[in-house]
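What follows is a single structure, written as structure tokens, with notes after it.
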Amino acid sequence: MTDYGIFGPRSVTWRVMGEPILLVGGFRALLMQGLHPRAMRGVLQNSALMDPHEAWSRFVRTTEFVRVRTYGTHEEVERACRWVRKIHAGLTAYDPDTGETYRLDEPAALRWVHVGEVDSYLSVARRAGVRLTDAEADAFVAEWRRAAEVVGLPADEVPGSVAELRDYIEAERPHLRFVPEASHPLRMSLNAPLPLLLTPLKPVMPALTLLAFATLPRWARRLYGLPATPVGDLWATATLRTLHTGIGLVPGHVLHSPAARRARRLMAA
């Protein structure tokens with residue numbers, strides 16, 4: 001019997017996560033994570049994410065983890081998640097607001113990271129024109145409870161529907177802000193050098209970053225000190241739909257060409 005991992009080919013997750021436009025969702029998820037002070041400080045104090053020379057490598061590792069967790073076998077998922085749990089359990093960060101030292105695997109921060117990820121993938125997919133009924137959107141959120149479990153969160157402690165997802169985010173909003181010590185390293189990381197094979201993508205990276213910011217809710221853009229207007233919402237949705245449609249028009253032999261395969265291997269390295 002084939003081991004399809006924690007989701008499988010009949011899941012909404014496999015259908016949604018297979019869309020190339022979800023790369024924007026990955027960037028958006030990191031931006032949502034950055035609005036949780038303790039989650040962000042945990043990254044700032046323990047990782048190379050904000051080092052412009054290491055930012056892309058860390059993003060690639062994170063992308064590979066998401067790929068394995070989504071499409072890997074049960075053994076591959078458990079091995080990857082065991083490694084992540086071990087790292088988080090051994091790291092701490094300091095919260096200058098409370099004077100506390102806390103572990104990176106504290107449930108509140110992990111829950112926000114999980115929700116930011118689910119919300120970002122689902123929001124970008126639907127706005128880009130990926131066809132999902134309301135029931136399928138609810139199923140997507142519910143399926144991701146399995147992803148929460150493998151990183152150490154009880155399934156019943158994360159949202160299981162779109163309504164629960166929205167309620168959770170709304171309840172968290174009073175506690176969210178962008179910590180000032182992250183401003184400079186974030187600006188540096190946005191201009192991170194790319195691997196040689198992906199250097200041709202460098203001209204589009206600022207536009208991709210701008211698009212990721214524009215897909216955030218208006219309140220989140222304001223926390224980053226950015227304009228937040230209905231016009232920006234319309235631009236983001238129109239751009240996502242255009243990109244999604246354009247990618248769909250690319251012939252299959254191009255997407256699966258030797259050059260494309262080499263690029264994917266590099267990103268998985």
Could Glu170 and Arg173 be called an ion pair, given the rule that one side-chain N must be under 4.0 Å from one carboxylate O? yes
| query | With side chains defined as the heavy atoms from C-beta onward, is the minimum distance between Phe140 and Ser11 less than 4.5 Å? | reply | no
Report task. Would you mind reporting whether Arg127 and Val24 have side-chain heavy atoms less than 4.5 Å apart? Result -> no
Note: Val124 and Gly25 closest approach over all heavy atoms is CG2-CA, 3.7 Å
- Query: Between the main-chain N or O of Thr92 and the side-chain N or O of Asn46, is there a donor-acceptor pair closer than 3.5 Å?
  - Reply: yes
Evaluate the side-chain proximity of Leu44 to Val179: yes if any heavy-atom separation is below 4.5 Å, no if none is.
yes
- Would a distance-only check, ignoring hydrogens and angles, find a side-chain to backbone donor-acceptor pair under 3.5 Å from Arg218 to Ala228? no
Heavy-atom closest pair (Arg146 atom, Ile6 atom, distance to 0.1 Å) is NH1-O, 2.8 Å
Looking at Tyr224 and Leu31, would you say the former's side chain and the latter's main chain have a donor-acceptor pair under 3.5 Å?
yes
Please check this pair: side chain of Trp112 against backbone of Met32, looking for a donor-acceptor N/O pair closer than 3.5 Å. yes
Beyond-backbone contact of Met17 with Val66, side-chain heavy atoms, under 4.5 angstrom: yes
In short, Val16 meets Ala125 closest at the heavy-atom pair CG1-CB, 3.8 Å
What I'd like to find out is whether the side chain of Trp219 reaches to under 4.5 Å of the side chain of Leu35, using heavy atoms alone. yes
When rounded to the nearest 0.5 Å, the distance separating OG1 of Thr63 from CG of Leu22 is 11.0 Å
### Message
Within the 4.5 Å heavy-atom criterion, are Arg69 and Val150 side-chain neighbours or not?
### Response
yes
Between Leu226 and Leu234, is there shared hydrophobic-cluster membership here, with clusters defined by ILVMFWY side-chain heavy atoms closer than 4.5 Å? no
Q) Would you call Glu181 and Arg41 a salt bridge, using N to O less than 4.0 angstrom? A) yes
task = Spell out, yes or no, whether Leu208 and Tyr121 are grouped together once hydrophobic residues are joined by side-chain heavy atoms under 4.5 Å, including indirect joins.
result = yes
Count the heavy atoms belonging to other residues, nucleotides or ligands that lie under 6.0 Å from CZ of Arg177, then report whether that count exceeds 12. yes
Arg38 to Tyr102, cation-pi by 6.0 Å centre distance and 45° axis angle
yes
request  = Check step by step if side-chain contact (heavy atoms from CB on, under 4.5 Å) holds for Leu132 and Val12.
outcome  = CA-CA 9 Å; Leu132 288 172; Val12 180; 3.7 Å; yes
Check your understanding: Between Arg15 and Glu136, is there a side-chain N and carboxylate O pair less than 4.0 Å apart?
Key -> yes
Minimal heavy-atom distance between Leu104 and Gly42, with the atoms involved, is CD2-O, 3.8 Å
Interatomic distance, CG@Leu110 vs NE2@His36, rounded to 0.5 Å, equals 9.5 Å
**Asked** Using the ring of each side chain (for Trp, its six-membered ring), is Trp14 parallel, tilted or perpendicular to Tyr4, with breaks at 30° and 60°?
**Response** perpendicular
Self-check item: Ion pair check, Glu149 and Arg145, cut-off under 4.0 Å
Solution: no
- [ ] Indicate if Val84 and Leu91 have the same hydrophobic cluster label, given that clusters are the connected sets of ILVMFWY residues with side-chain heavy-atom separations under 4.5 angstrom.
- [x] yes
Is a side-chain donor or acceptor of Asp3 paired with a backbone partner of Thr73 at a separation under 3.5 angstrom? no
What I'd like to find out is whether the side chain of Leu243 reaches to under 4.5 Å of the side chain of Leu211, using heavy atoms alone.
yes
Determine yes or no for a side-chain-to-main-chain donor-acceptor pair under 3.5 angstrom, with Glu172 supplying the side chain and Tyr168 the backbone.
no
Please check if the side chain of Arg28 supplies one atom and the backbone of Thr215 the other of a donor-acceptor pair under 3.5 Å.
yes
* Return yes if some donor-acceptor pair links the side-chain N/O of Arg111 with the main-chain N/O of Leu153 below 3.5 Å, else return no. => no
Note to self: I want to check something: taking the side chain as every heavy atom from C-beta on, are Leu165 and Val115 in contact at a cut-off of under 4.5 Å?
What the structure shows: yes
Note: Val158 and Glu164 closest approach over all heavy atoms is O-OE1, 4.4 Å
On a heavy-atom basis, the closest approach of Pro154 and Gly152 is CD-O, 3.9 Å
| task | Could you tell me whether a side-chain N or O of Gln45 sits under 3.5 Å from a main-chain N or O of Tyr94, the two making a donor and an acceptor? | result | yes
Shared ILVMFWY cluster between Val113 and Trp144, side chains joined below 4.5 angstrom?
no
Between Leu210 and Trp235, does a side-chain contact (heavy atoms from CB on, under 4.5 Å) hold up when you go through it step by step?
CA-CA 11 Å; Leu210 176 62; Trp235 176 84; 4.2 Å; yes
N-O pairing of Arg85 and Glu78 below 4.0 Å: yes
